[in-house]
Chemist: 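Sharing a structure, written as structure tokens. Questions coming.
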Protein chains: 2
Amino acid sequence: MRASDKAYATLRADIVEWRLPPGTVLAEVELSERLGVSRTPVREALARLSAEGLAAPQSGRGVVVTEISLDHVRELFELRSALECRAAELAAERGDAATFCALHAELAAAGDLLTDDDPSRHSYYELAARLDAAIDDAVGNAYLAQALKSLRVHLVRVRRLSKDNPARLREAAREHATIALAIANGNAAVASAATTVHLDNSLHRLLSTSH
Amino acid sequence: MRASDKAYATLRADIVEWRLPPGTVLAEVELSERLGVSRTPVREALARLSAEGLAAPQSGRGVVVTEISLDHVRELFELRSALECRAAELAAERGDAATFCALHAELAAAGDLLTDDDPSRHSYYELAARLDAAIDDAVGNAYLAQALKSLRVHLVRVRRLSKDNPARLREAAREHATIALAIANGNAAVASAATTVHLDNSLHRLLSTSH
DNA sequence: TCCACTTGCTTTGTATACACTGATGGCAGG
DNA sequence: CCTGCCATCAGTGTATACAAAGCAAGTGGA
């Protein structure tokens with residue numbers, strides 16, 4: 001792996017995991033020393049982070065980690081709704097019924113995943129990511145997939161804003177199951193509507209439990 | 001202006017204007033000589049172009065200008081539809097009626113702009129860009145605006161695929177006027193529907209007149 | 001005491017040298 | 001004649017040195 005990739009991956013993880021909180025100054029020399037690479041790959045990593053919107057150059061002080069307020073979350077979910085609703089519609093029109101039937105079954109049984117003591121909820125988030133991937137694949141649109149991918153970076157970061165309790169996640173799993181079923185049935189209108197409902201619930205969950 | 005900005009602006013313009021056609025190899029040393037800067041700012045410019053999707057790194061050969069086929073155009077318009085329909089809805093809910101009334105009047109009279117001999121149709125495209133900017137402003141969503149901005153780069157590039165005759169542009173202007181009116185009236189459903197119609201027509205225009 | 005100028009330092013922006021990787025062409029062996 | 005290996009090389013990846021710009025602090029004068 002290239003040094004610039006390593007620097008990028010490290011910094012990106014540090015930002016989305018809130019180890020580097022918003023406002024942190026990302027100085028090139030300091031980072032190059034801490035990461036054990038020279039300034040050149042660090043610069044490349046910072047440029048990529050700036051392009052993604054995780055960091056932003058500030059006059060004179062170098063680049064800093066971008067803020068993420070509740071207003072940002074609302075804006076983020078507005079974009080998310082536009083993209084995911086359309087993606088769900090297109091997946092319903094083009095997707096393979098068997099694939100989404102299987103995902104529906106898994107999601108319907110996801111309550112079990114959340115009873116055992118997995119503090120990071122890894123198994124649930126992995127399943128949700130599989131549904132996202134299946135939708136992306138069914139849609140078969142590289143530009144839409146790219147837009148969703150760059151959006152999800154920010155969503156992972158937002159996730160750390162709120163504490164997710166098991167009851168909420170079970171509710172979310174049921175909503176995901178509804179979406180998967182609508183896609184399996186080839187019903188675009190329902191898929192879009194279910195996505196709208198899910199995102200609205202998710203946003204309110206987030207806003208009510210964040211500090 | 002920084003050397004890297006200059007290199008980026010030059011290369012980006014060269015790509016969207018088709019002076020650098022798809023498949024062109026963007027070698028760092030050759031570009032640094034041609035643009036009169038060193039390899040470092042050229043690398044930065046190439047990284048930005050790759051992030052935008054105008055170029056893509058290819059194993060061994062460096063980065064090349066990305067292809068743009070009719071299938072890509074269809075995918076692009078799918079994403080465009082998702083973003084612009086939602087943007088039109090939100091603008092209808094939040095926008096200032098007077099602003100869009102004025103734009104509607106200008107667009108309704110845009111037929112006159114297209115009768116005089118402006119071969120590049122600059123005045124019309126400038127007006128359409130003003131409508132886009134007004135919508136972005138009314139929506140007030142930085143993430144949605146960013147997504148639309150990165151989309152429009154590709155759309156400008158696609159525009160060169162087809163030859164735009166005055167009759168088509170007058171038709172497009174009427175469609176734009178309809179959208180502006182719906183937003184001015186605060187009618188989100190109509191704004192979204194008019195956008196859908198406009199984009200469908202635009203896509204078919206493009207596909208039928210391209211070589 | 002306050003304002004302005006200067007000086008020095010910190011930090012980024014650019015250039016260049018070197019190392020390493022992947023591709024390509026030729027040559028030898030089968 | 002075909003195939004596989006090796007050498008060469010083009011080109012990127014990284015490091016470091018140097019230049020320029022911005023900011024802050026300190027000092028001098030009013």
Side-chain angles (χ1 to χ4, degrees), chain A residues 1-16 19-68 146 149-150 153, chain B residues 1-16 19-68 146 149-150 153:
Chain A
M1 180 188 270
R2 294 183 304 185
S4 61
D5 290 340
K6 174 175 167 289
Y8 168 73
T10 305
L11 286 175
R12 196 187 118 152
D14 283 348
I15 292 174
V16 299
R19 286 190 291 271
L20 291 175
T24 305
V25 178
L26 301 173
E28 295 177 4
V29 284
E30 182 229 323
L31 289 176
S32 68
E33 288 166 7
R34 185 160 69 85
L35 301 174
V37 296
S38 104
R39 272 183 59 209
T40 309
V42 169
R43 282 181 69 80
E44 192 163 323
L46 291 180
R48 288 170 72 179
L49 293 171
S50 301
E52 280 184 314
L54 290 177
Q58 209 177 35
S59 153
R61 296 223 174 275
V63 318
V64 300
V65 178
T66 50
E67 294 293 331
I68 186 109
Q146 176 59 38
K149 186 178 161 198
S150 69
V153 179
Chain B
M1 182 190 265
R2 295 183 305 185
S4 61
D5 291 340
K6 174 175 166 290
Y8 168 73
T10 305
L11 286 175
R12 197 187 117 150
D14 283 349
I15 293 174
V16 299
R19 286 189 292 270
L20 291 176
T24 304
V25 180
L26 301 173
E28 294 179 3
V29 284
E30 183 229 321
L31 290 176
S32 69
E33 289 166 6
R34 185 159 70 84
L35 301 175
V37 296
S38 106
R39 275 183 56 211
T40 309
V42 169
R43 282 181 68 81
E44 193 163 320
L46 292 179
R48 287 169 73 180
L49 292 171
S50 301
E52 280 184 314
L54 290 176
Q58 207 177 36
S59 148
R61 295 220 176 277
V63 318
V64 300
V65 179
T66 48
E67 295 291 334
I68 186 112
Q146 177 59 38
K149 187 178 161 197
S150 69
V153 179

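Just so you know, these numbers use all the heavy atoms, side chains as well, and skip hydrogens, waters and symmetry mates. Chain naming here is simple, since letters A, B, ... match the order of the sequence lines and numbering starts at 1 in each.
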Chemist: Donor-acceptor check, side chain of B:T66 to backbone of B:A56, threshold 3.5 angstrom: yes or no?
Modeler: no

Chemist: Closest-nucleotide mapping onto DNA chain D: is A:V37 or B:L26 further toward the 5' terminus? I mean the 5' end.
Modeler: B:L26

Chemist: Identify the residue among A:L46, A:L31, A:V29 that makes a side-chain contact (heavy atoms from CB on, under 4.5 Å) with A:R39.
Modeler: A:V29

Chemist: Rounded to whole Å, how long is the line connecting atom CG of A:L35 with atom P of D:dT14?
Modeler: 13 Å

Chemist: Check whether any side-chain N or O of B:S38 sits under 4.0 Å from OP1 or OP2 of C:dA15, and answer yes or no.
Modeler: yes

Chemist: On the nucleotide D:dT14, are OP1 or OP2 found under 4.0 Å from the side-chain N or O atoms that A:S4 carries?
Modeler: yes

Chemist: Take the protein atom CG of B:D5 and the nucleotide atom C1' of C:dT14, then report the distance between them rounded to whole Å.
Modeler: 13 Å

Chemist: Tell me whether A:D5 is salt-bridged to A:R12, with the criterion being a basic N under 4.0 Å from an acidic carboxylate O.
Modeler: no

Chemist: Rounding to a whole Å, what distance do you find between A:L31:CG and D:dA15:P?
Modeler: 14 Å

Chemist: Any idea which heavy atoms bring A:L11 and A:A45 closest together, and the distance?
Modeler: CD1-CB, 4.3 Å

Chemist: How many whole angstroms separate atom CD of B:E44 from atom P of D:dG13?
Modeler: 14 Å

Chemist: Measuring from the side chain of B:A27 (C-beta onward, heavy atoms only), which nucleotide among D:dA15, C:dT14, D:dT12 has the closest atom?
Modeler: D:dT12

Chemist: Taking side chain as C-beta onward, heavy atoms only, is A:I15 less than 4.5 Å from A:L49?
Modeler: yes

Chemist: Counting just side-chain N and O atoms, does B:R2 come under 4.0 Å of either OP1 or OP2 of C:dT14?
Modeler: no

Chemist: Measure the distance from CD on B:E33 to P on C:dA15 and round it to the nearest whole Å.
Modeler: 13 Å

Chemist: D:dG11 base to B:R39 side chain: any donor-acceptor pair below 3.5 Å?
Modeler: no

Chemist: Tell me the interatomic distance from B:L46, atom CG, to D:dG11, atom P, rounded to whole angstroms.
Modeler: 14 Å

Chemist: Roughly how many Å is it from CD in A:E28 to P in D:dA15, rounded to a whole number?
Modeler: 14 Å

Chemist: Would you kindly give the CD-to-P distance between B:Q58 and D:dG11, to the nearest whole Å?
Modeler: 13 Å

